Amino acid sequence: MLIIMSLHSPLRDIEKVKTKITEKTCVAHEIPGATKLGIGITGPTNLLNEEDFLTMDSVEEVIRVTKPYKLVSREMKQDDTVVKIQDVTIGGKELAVIAGPCSVESRQQLFDIAGELKEMGIRLMRAGAYKPRSSPYSFQGLKEKGLEYLADVKNELGMMIVTEAKDTRSLPLIAGVADIIQIGARNMQNFSLLEEVGQLQNAVLLKRGMAATVEDLLMSAEYILSQGNFNVILCERGIRTFETMTRNTLDLNAVPMIKKHSHLPVLVDPSHGIGIWDKVPPMALAAIACGADGLMIEVHNHPEKALSDGFQSLTPKNFKTMLNKIEQLAPIVERKLNVYAKAC
Ligand code: PEP
Ligand code: MN
């Protein structure tokens, strides 16, 4: 259920509404919008009576949310959510670009790539320290050491860090370094992990599971919002289909469908989506054309030597060429690139 109140409702009116909600063991979530204040309600809303709220001061409307996901739904919040990380926004007019290697491999590798990305104006750097790999014999990441190098990049170069939390055990350490905590495809339905990131304030990048529907993705995001963390960014990264020519099938249908059903920002990761480096730029352009709020791209200075996902990684030079194309496309979809991409 959603209570719509006037944006400048007196605090005592808001408190009275919240008390009525909590009296019935439901939970009240304030959702400020551009023109109205929403109070989203989760829990046993069948115990609540719509008329009881309609007679209260400052209450304008009461809406029953019909979808199984509530707080992430467009019904609950009509304006697009813009996640802010320092001065970078994800979900507004500006397109966000997260770039970096699949994994942290060494201090030198991380600093070399970070230096090149910074030069191109990239502010959000990705690299995994804890890697969830399909095989136990593949490189598992540098773990704590990797996080230490990411913290160094953050402190010395002023980049913001996006890195994956693989389990609840390492989450507190990761939360201390990550500006955006990535929840990977393999963990999209790790509900204990989702609940724990929901209790943090860090932004969360939730990637779609490889066999998950768009509704499954939205339900997983609901776990995070229901714990109080509304700084959630969704990410389409390809799903498994019968097609074997590409690593995954990048489901760009998901972008407009998520936009229709949810207010949360959506990024697209064409690197994992197609898995072939020279096919990443066209899919990145397609993602922006269909309404994505930005991109996550794997970039490596020596893709042939990468310890994970080298084949899908762009060199900094190819990445820059791609950025220039994105910059030209952006105004056609009424967007702007929030990086300063120098001409090649
Ligand atoms: C990654 O971003 O490197 C990664 C492991 O992604 P995904 O969870 O989408 O496979
Ligand atoms: Mn990867």
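Keep in mind that what you see is a predicted model, and the values were worked out from it rather than measured. All ligand and atom numbering here is 1-based and tracks the order in the structure.
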### Query
Going by the atom numbers of ligand 1, which of them fall below 4.0 Å from some non-hydrogen atom of K131?
1 (C), 3 (O), 5 (C)

#### Entry: M210 to ligand 1, any heavy atom closer than 4.0 Å
no

### Message
Assess whether a salt bridge exists between D309 and R133, defined as any Lys/Arg side-chain N lying under 4.0 Å from an Asp/Glu carboxylate O.
### Response
no

### Summary
Within 4.0 Å of some non-hydrogen atom of C102, the atoms of ligand 1 are 3 (O)

### Query
When you measure from atom 4 (C) of ligand 1 to every protein heavy atom, which one gives the shortest distance, and what is it?
H272 NE2, 3.4 Å

### Message
Looking at ligand 1, would E298 count as a contact under a 4.0 Å heavy-atom criterion?
### Response
yes

### Query
Looking at D309, which of its N, O or S atoms is the nearest one to the Mn ion (ligand 2)?
OD2

#### Entry: Distance from atom 2 (O) of ligand 1 to nearest protein heavy atom, with residue and atom
R126 NH1, 2.7 Å

### Ligand-residue contact atoms, ligand 1 with A185, heavy atoms, under 4.0 Å
7 (P), 8 (O), 9 (O)

### Query
Between E75 and T66, is a side chain to side chain donor-acceptor pair (under 3.5 Å) present by the stated rule, with each step listed?
CA-CA 8 Å; E75 284 175 277; T66 52; 3.1 Å; yes

### Message
Salt bridge or not between K336 and E327? Use side-chain N to carboxylate O under 4.0 Å.
### Response
no

### Query
Between Y223 and F191, what is the ring plane arrangement, given parallel below 30°, perpendicular above 60°, and tilted in between?
parallel

### Side-chain ion pair, E215 and K67, N-O less than 4.0 Å
no

#### Entry: Protein residue, atom and distance nearest to atom 6 (O) of ligand 1, heavy-atom basis
K207 NZ, 2.9 Å

### Query
In ligand 1, which numbered atoms sit nearer than 4.0 Å to a non-hydrogen atom of G184?
8 (O)

### Message
Applying the side chain to side chain contact (heavy atoms under 4.5 Å, CB included) criterion to K166, which one of R186, K131, Q140 satisfies it?
### Response
Q140

### Query
Looking only at distance, does D309 have an N or O less than 3.5 Å from an N or O of ligand 1?
no

### R169 CZ: over 12 foreign heavy atoms closer than 6.0 Å
no

### Message
Is it the case that over 12 heavy atoms from other parts of the model lie below 6.0 angstrom from the CD atom of Q78?
### Response
no

### Name of the E298 atom (N/O/S only) found closest to the Mn ion (ligand 2)
OE2

### Message
Taking L250's backbone N and O only, do any of them form a donor-acceptor pair with N248's side chain (distance below 3.5 Å, no angle check)?
### Response
no

### Query
Identify the closest protein heavy atom to atom 9 (O) of ligand 1: which residue and atom is it, and at what distance?
R237 NE, 2.6 Å

